[in-house]
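Here's the structure we're looking at; comments come further down.
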Amino acid sequence: MSIDPRVALQSLVSALEEHLAAAASRRGDDDPAVEAAYLSIADSFEAYEESLYDAYGEVTPLVIYEDDEEEEEEEEEPASRS
């Protein structure tokens, strides 16, 4: 069961506000609060887009990209030989 798109949108807006607050009070390049807020945006966005689609058959023009480091690691893994 999907949540109401308005509720999901409010969660996304809250996640964006939390990210702004975490970024403004960042304590170094690898601040875990900023990373957690970043991931919260991604999760909230996915929930919003899913609920929007379920309710109205609509999507946003936005895309969440994977972390470049994760993509590079996947590309560098050698293929197994048979």
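For the single chain, residues carry numbers from 1 onward in sequence order. Predicted model, so just to flag it, every value in this text is computed and none were measured.
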- Counting heavy atoms not belonging to E35, are there more than 12 under 6.0 Å from its CD?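 No, because the 6.0 Å sphere around CD of E35 holds 12 heavy atoms or fewer from other groups.
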- Query: Is the number of heavy atoms from other residues, nucleotides or ligands under 6.0 Å of R6 CZ greater than 12?
  - Reply: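 It does not: R6 CZ has 12 such atoms or fewer within range.
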- Message: Between V34 and I41, is there shared hydrophobic-cluster membership here, with clusters defined by ILVMFWY side-chain heavy atoms closer than 4.5 Å?
- Response: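 Different clusters.
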Please tell me if the side chains of [X] and [Y] come closer than 4.5 Å, counting only heavy atoms from C-beta onward.
X   : Y   : value
Y48 : I3  : no
Y38 : H19 : yes
Y56 : P5  : yes

About how many Å separate [atom2] of [Y] and [atom1] of [X], when rounded to the nearest 0.5 Å?
X   : Y   : atom1 : atom2 : answer
D43 : S11 : CG    : OG    : 11.0 Å
T60 : L9  : OG1   : CG    : 11.0 Å
L62 : E49 : CG    : CD    : 7.5 Å

- Query: Is there a side chain to side chain contact (heavy atoms under 4.5 Å, CB included) between L52 and V59 once you walk through the steps?
  - Reply: CA-CA 7 Å; L52 185 66; V59 296; 5.8 Å; no
- Message: Show the nearest heavy-atom pair for residues A22 and A33, with the distance to one decimal.
- Response: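 In this case the closest contact between A22 and A33 is CB-O, 3.9 Å.
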- Message: Using every non-hydrogen atom in the two residues, find where S44 and L12 come nearest and quote the distance to one decimal.
- Response: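 Closest approach of S44 to L12, heavy atoms only: CB-CA, 3.7 Å.
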- For Q10, does its backbone N or O pair with a side-chain atom of S14 as donor and acceptor, under 3.5 Å?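 The answer is yes, because a donor-acceptor pair under 3.5 Å joins these two groups.
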